[in-house]
Amino acid sequence: MRSAWNGLVLRMERPEVFYTYEWALAVQRAYKSVLNPLLFLAYDEREELCGVAALAHDVKSRCISFLGATTGDYCDFLSAPGRRPQFLDAVLSELRRRGVKRMAFANLPSDSATATMLPQSSRRQGCRYFVRTAYICAQIVLDRLERSKDGHLTAPGQKRLRRFAKAMALEGPLRLEHSRTWNSVAPSLQPFLQAHVARFLDIGRISNLANAQRRVFLEELSKLLSEPQWLVLSQMRAGDRVVAWHYGFQFRGSWFWYQPTFDSSVEKYWPGFCLLTQVIQEATENPAITRLDLGLGSEAYKAKFANESRETLYVALHISLLEHWGTRLRYQTAAAVKASPALEKIVGSIRNRLRAVRAQLRNQGGKQTLARMAKGLFQMLWLQEEVLFFEWENWQPSADSRNLQLLPLDLNQLAVAAMEYEQDEPTLTYLLRSARRLRASGARGFILANEDGRPLHFAWVASFDGFHCAELNATLLASRDSVILFDCWTPAADRGKGYFKQAVQLIAARMRVEGKRAWIFSSAGNVSSLRALNKTGFRRRHSLRRYRLLRWQMVSGNAPQSGAAAVAEVSAHV
């Protein structure tokens, strides 16, 4: 089957690694819990395989799609071009016989014979046809690139690139290494995955590699594609340190740029652009490579080199006239919204709010969600809130914490957490907030982790003096030797196990060693938080009250309790 399938791939107009037996098998292994594979095989009069349609039935949407639609940059029906009409008719006819009413074929190349023949085939089978552009994929035809007299690539911003490469090479020579066999790829795969997730967090997004199924897919794909050596995992090293990665493919004369990433600590040196430049240079020196395909997406850096492009299509087939026009209307509405950045921002905000409401309905039920919304609406008009402040007393951390470790929070730790808690939306939101705070600096983050490095609790520490308390919408004043713990978070799966207590005790003890007085605060109405604080060694010292009527606000506080005179003042500026 593998040999016959891949033989068909080579008979396609433009063979792609995404069409191969290995790709389909990796998708099936990774996504079998959410996708039901639906494989159509056509045989000719000699009983030889002449057509393959690797499709899937999405359990949630009840829609038929390409099996590799969410992983492959290009998807298609496999056959010799001359047999394509007959094969398309046979597949669509069988889908209709099975009662399928919705089909969505994403990432179909517009230069494929399928794109030309599918409208007629769909009409013959009674399907309503809708097509739109999906992506414009940047391409680099290598023999059309500009080169210097010595044959080297003439890159945009070449002087700056040389300066950046020289700066990164301070730790050692800058060099590019490639792994093609599974034994050489395996040790580098996890660092690449973690770096990709960390990089996305740094730019305020959740990487698709935070998803466990996607990571399983890449692992399975690596094993399968490394056998024929179609996989190329590239690493750009500065001395012994890897500063950039690229997970790509070399197949039938094309080097495919699939998933790159780099270490955010060297972002100012353009490591990704330096990596791409080196890959292009190596490709030009390899007579077997004629094209560098930069794949889906219209990132600006691709345009600096691209000298050709390739369009992919999204094709939707419906039996229902109502669903057909619904799809057209949604697309036209989305296109109109996208044309106006201001309107797109408003619509995006509304979409996010609706998504949050749906999540609350799913997790808390309708009654609690309505009560929370009503409370929020009332608080927009009138708000009265009391915030209590607690100071650390010189307690020893609990014995339970000795088997745990307190680690400084960085992007790599956040990446590990994103992969660990991929299904926990509130925790992912917290991790994005933490990544923004890391870039802004001014505060220190900590994680409580077990012996295996699994993150269990997160917390932040900042100077108490000048700390802006969001609950009070006020900036606090205190003695300069005081710090405040804030934004503590335990993922839902690890709550109720005492990790908050152990984390704040360890952090407060560390602050004491550094000569700092540790404080923490809580809303007076947060009963669970107050109950937890009573077990930590923190003692109540102060409280501040906030009163707000529409846009008017006032913050007032009571005097310190006895024994707290070491902190001279806690006041607020609104």
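Values below: all heavy atoms of this structure, side chains included; hydrogens, waters and symmetry mates excluded.
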>> Going by the rule salt bridge (Lys or Arg N to Asp or Glu O under 4.0 Å), which residues pair with Arg2 if we only count those two or more places apart in sequence or in a different chain?
In response: Glu22
> Rounded to the nearest 0.5 Å, how far apart are CE of Met419 and CD1 of Ile206?
Replying inline: 11.0 Å
> Angle class for the Phe458/Tyr421 ring planes (parallel below 30°, perpendicular above 60°, tilted otherwise)?
Replying inline: perpendicular
>> Test ring pair (Phe, Tyr, Trp, His ring centres under 6.0 Å) on Tyr135 and Tyr314; report intermediate values, then the result.
In response: CA-CA 9 Å; Tyr135 295 97; Tyr314 174 87; over 10 Å; no
>> For a quick check under 3.5 Å, do Thr181 and Gln229 share a side-chain donor-acceptor pair by atom type?
In response: no
> Can you check whether Thr312's main-chain N or O pairs, donor with acceptor, with Ser110's side chain at less than 3.5 Å?
Replying inline: no
>> With no hydrogens and no angle check, just 3.5 Å: does a side-chain donor-acceptor pair link Ser234 and Trp245?
In response: no
>> Check Arg175 with Glu177, please: is the shortest side-chain N to carboxylate O separation under 4.0 Å?
In response: yes
>> With rounding to the nearest 0.5 angstrom, report the OH to CG distance, Tyr74 to Asn107.
In response: 9.0 Å
>> For the residue pair Gln259 / Asn208, report whether a side-chain donor-acceptor contact shorter than 3.5 Å exists.
In response: yes
> Looking just at side-chain N and O atoms, do Gln235 and Ser188 make a donor-acceptor pair shorter than 3.5 Å?
Replying inline: yes
>> Name the residue from Arg241, Arg237, Lys268 that meets the salt bridge (charged side-chain N to carboxylate O under 4.0 Å, His left out) definition with Asp263.
In response: Arg241
>> Just by distance, no angles: are the side chains of Thr20 and Asn6 close enough, under 3.5 Å, to form a donor-acceptor pair?
In response: no
> Can any side-chain N or O of Tyr19 pair as donor or acceptor with the backbone N or O of Leu8 at less than 3.5 Å?
Replying inline: no
>> Within a 6.0 Å radius of atom CZ on Phe256, are there more than 12 heavy atoms belonging to other residues, nucleotides or ligands?
In response: yes
> Are there more than 12 heavy atoms of other residues, nucleotides or ligands under 6.0 Å from atom CZ of Arg205?
Replying inline: no
>> Regarding Asp494 and Arg454, does a basic nitrogen lie under 4.0 Å from an acidic carboxylate oxygen?
In response: yes
Sequence neighbours left out, cut at 3.5 Å: what donor-acceptor pairs do the side chains of residues 407-414 make with other protein atoms?
residue: Asp410; atom: OD1; partner: Asn412; partner atom: N; Å: 3.1
residue: Asp410; atom: OD1; partner: Gln413; partner atom: N; Å: 2.8

> Going from NZ on Lys345 to CD1 on Ile350, what distance comes out if it is rounded to the nearest 0.5 angstrom?
Replying inline: 13.0 Å
> Under 6.0 Å from the CD atom of Glu267, do we count more than 12 heavy atoms belonging to anything else shown?
Replying inline: yes
> Under 4.5 Å between any side-chain heavy atoms of Arg214 and Tyr31, yes or no?
Replying inline: yes
> Looking at residues at least two apart in the chain, or sitting in another chain, which of them share a side chain to side chain donor-acceptor pair (under 3.5 Å) with Ser254?
Replying inline: none
> Hey, is Arg98 close enough to Glu94 for a salt bridge, meaning N to O under 4.0 Å?
Replying inline: yes
>> Under the criterion salt bridge (Lys or Arg N to Asp or Glu O under 4.0 Å), I'd like the reasoning laid out for Glu323 against Arg128: C-alpha separation, chi angles, the key distance, then a yes or no.
In response: CA-CA 9 Å; Glu323 288 189 356; Arg128 291 169 173 84; over 6 Å; no
